[in-house]
Amino acid sequence: MEKELKINVLPIETPNFTFSLYSKIFSSYEKKASIYFTTINDEIVGISETKYDDFQITEFTPFLNTELTKWYLFNLIKEKCKSNSIEYVEFDNFQRCLDIPLSKDKLGKEIITITPTYINSRKLFGFILNYRFVKNENVPFSKEIQIKSLSLDQNGNENKNYYIDKYNKIVSFINKYHQYLFSFDNLKVSQSFLQIASSTLEMKKYQFGKLNINNSQFQGIKNFGPYLPINTTNYIPKICFIYRNNEKNYSYKLYHALFGKTYPTFSGMEKMFHFALNKDSVLGEGITDYSVDNIKIVIQHLKEKYPEDFIVPVLIVPWSKESASEEQEKLYFELKHLFLINNMASQFISIDKIINDNILKWSVSSLAIQIFSKLGGSPWVVIPKTSNCLIIGIGQAYQQHEDSSIKKFFSYSILTDTTGLFKGIRILANTNNKEDYAKNLAKSLKEIINRYSNNYDSFVIHTSFRISKKDIKIIKSVLDEIKENSSFNFAILRFDDTHDYLCFDTSFNSLVPLESTKVELSCRNYLVWFEGQQYGQFTIRHRIGSPIRVIIDYPKDINRERITDYLQDAINLSGANWRGFNAKSIPVSLLYAQLISHFISEFDKYNLGTINIENLMPWFL
């Protein structure tokens, strides 16, 4: 389906405009704050708005160097702010933009960010406008801040009108400030958002027990059972409730909820996942209080009594992620780490969540999925677009000195195929030396591809926008080397969730584009909605976030059909999330990498030992 959307860009309507600046050819790049350096016609050129000795006035056309044109537009907006006494903060690091405060209070500032941009698919320059709330440094995170950020509505509930509220904030700013900020002698800037073409990829489809297919994760599991049940051939998998002695009753309540006796929202582990809860598969261990020493005793007891069985401990704890004190947060990571070094994938749940029936009845099914997956089962897979393709999701973490400089480099990969089936975790690099890191990254990537070369003919790398250009260069060189002596298909996709683009579909009251919508910014740069307005529905059931920007970094000669297939696979992988039904909609190749990165950085923060994270069940869910 193709349709026009409104993108939050005010386009420059003046065709073939020119601008004059001072320029000089240099033999090398230099660090000078007042001079912008770029490459034009294979020569290094220094550009300035003010005249210096040996600099010549030069007229430029906008398409000669699009980055230079964006720098020029950035300075135009700055000068408009100054001449009209409009407060602003400029950023000139990874991307040039201005923050203009709309209002301030004790919590922070409401901000409109203005970013010059070039939409290659339309051959147009313009300005991205986006709203955000920046909290003050000394203010703790709170519900009020979430309301200001538009994550929650005015009543403190999930903001289903997120797109409407963003639209209204930005349009209000345009109406108030356009005449002051976007009125130029030689340029005409539109007062309306740019219309841009969009199309939709296919809807996600899931496969369950006996290869049955359904569009719904929940209905598919309910009707057909899991794609791969827990292996009970060689051992009896078990869950072990761990609780403080005076809180044993909460383990009974949770057990009954998982059994399916309590809520109509979940029919039970046996009916849904074909894993029976009984005296052979369920254990209980009471402790006086939570501590590393007490949990060590529990682990030792379980290993001695059930040496051949695979056990997932389910800890009922007196804190939640949101309410945990610094001491409790530290204990959580210490216990998680302790279980991992004993090859146990643990599950934590707060007492407050068990007490609150309204929360437990909706969360018990997601809890069941996580336990089932940690026991070795596979709830569902997605129907892939590209067959015989391994997805290598690359994540990174760093250990830092007190001055924030990096003292240790750590890189790892999440391996799944295009069905979303979890294949494992592999260490790519773990070293204190920057040069060794590059060598290890290249070597490990080669080993992964060689190991799976008999099973797959395509290898696609997923990584976040935060990965360095140097690392991307290393990965490209590895793929180039392998490609010379093989017929494999390779690609690198980078995913950016920090950009400021947003599109509005005015055919829906919610203004939210359809799920699986894609917008082409250039032939290698796309906006993709991994969640969105559902087909055939006219209401939004939860807050829909911004699209993900996907950049295809490799290969240079990739065609549009293959790009579309890889984007479809990414959409599909957002449905392979085993953290719950309809859990966060980003590809699991990235989500799982983010989760592991968080655990590794926290383990390092608390000086916990190195763990072998390879070949374990998905413990990070």
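Just so we're clear, the structure is a prediction, and the values are computed from it rather than from any experiment.
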J.: Between Q347 and Q370, is there a side-chain donor-acceptor contact under 3.5 Å, judged purely by atom types and distance?
T.: yes
J.: Please determine, by modelled atom types, if K3 and S507 share a side-chain donor-acceptor pair under 3.5 angstrom.
T.: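 Judged by distance alone, the side chains do pair up.
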J.: In terms of the angle between their ring planes, are F530 and F495 parallel, tilted or perpendicular, with boundaries placed at 30° and 60°?
T.: tilted
J.: So, N214 versus S216: side-chain donor-acceptor pair below 3.5 Å or not?
T.: no
J.: Answer whether the closest heavy-atom distance between the side chains of R494 and V550 falls below 4.5 Å.
T.: no
J.: Less than 4.5 Å apart, side chain to side chain, heavy atoms only: is that true for K385 and Y566?
T.: no
J.: Please confirm whether the ring centroid of F63 lies under 6.0 Å from the ring centroid of F125.
T.: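 Close enough - the centres of the two rings lie under 6.0 Å apart.
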J.: For the residue pair T113 and R132, confirm or rule out a side-chain donor-acceptor distance under 3.5 Å.
T.: yes
J.: Who pairs with F273 by ring pair (Phe, Tyr, Trp, His ring centres under 6.0 Å), at least two apart in sequence or on another chain?
T.: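 Testing F273 for ring pair (Phe, Tyr, Trp, His ring centres under 6.0 Å), a comparison that skips the adjacent residues, returns F372.
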J.: Which is it for T418 and D569 under the side-chain hydrogen bond (donor to acceptor under 3.5 Å, both in side chains) test, yes or no, and what are the steps along the way?
T.: CA-CA 6 Å; T418 44; D569 286 327; 4.8 Å; no
J.: Quick one: do Y162 and S510 satisfy side-chain hydrogen bond (donor to acceptor under 3.5 Å, both in side chains)? Show the steps, please.
T.: CA-CA 8 Å; Y162 178 74; S510 66; over 6 Å; no
J.: Does K135 NZ have over 12 foreign heavy atoms under 6.0 Å away?
T.: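 Check passes, neighbour count above 12.
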J.: Can you sort out the partners of F620 under ring pair (Phe, Tyr, Trp, His ring centres under 6.0 Å), two or more places apart, ordered by chain and number?
T.: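 By the ring pair (Phe, Tyr, Trp, His ring centres under 6.0 Å) rule, F620 matches F422, Y592.
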J.: Is there a side-chain contact between I540 and Q533 (heavy atoms, below 4.5 Å)?
T.: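 Yes. Closest side-chain heavy atoms under 4.5 Å.
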J.: Quick one: CG on L502 to CG on L511, what's the gap to the nearest 0.5 Å?
T.: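 Interatomic distance, L502 CG to L511 CG, rounded to 0.5 Å: 9.5 Å.
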J.: Measuring from atom CG of L590 to atom CG of L573, what distance do you get when rounded to the nearest 0.5 angstrom?
T.: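 It comes to 9.0 Å.
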J.: So if I apply the side chain to side chain donor-acceptor pair (under 3.5 Å) rule between Y501 and each of N130, N8, T117, which one comes out positive?
T.: T117
J.: If you draw a 6.0 Å radius around NZ in K483, do more than 12 non-hydrogen atoms from other residues or ligands fall strictly inside?
T.: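 Yes, enclosed.
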J.: Please answer whether the main-chain N or O of E520 pairs with a side-chain N or O of S121 as donor and acceptor at a distance below 3.5 Å.
T.: yes
J.: For E602, which residues count as a side-chain hydrogen bond (donor to acceptor under 3.5 Å, both in side chains) partner, sequence neighbours excluded?
T.: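 side-chain hydrogen bond (donor to acceptor under 3.5 Å, both in side chains) list for E602, sorted by chain: empty.
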J.: Could you go step by step and tell me if D165 and N159 meet the side-chain hydrogen bond (donor to acceptor under 3.5 Å, both in side chains) rule?
T.: CA-CA 9 Å; D165 291 344; N159 189 9; 3.0 Å; yes
J.: Check whether W529 reaches the backbone of S546 with its side chain - one donor and one acceptor, N or O, closer than 3.5 Å.
T.: no
J.: Tell me if the CD atom of E561 is crowded by more than 12 foreign heavy atoms within 6.0 Å.
T.: no
J.: Taking the six-membered ring for Trp, are the ring centroids of Y167 and F193 within less than 6.0 Å of each other?
T.: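 Y167 vs F193: aromatic centres under 6.0 Å.
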J.: Show your working on ring pair (Phe, Tyr, Trp, His ring centres under 6.0 Å) between Y206 and Y227 and close with a plain yes or no.
T.: CA-CA 9 Å; Y206 307 97; Y227 177 76; over 10 Å; no
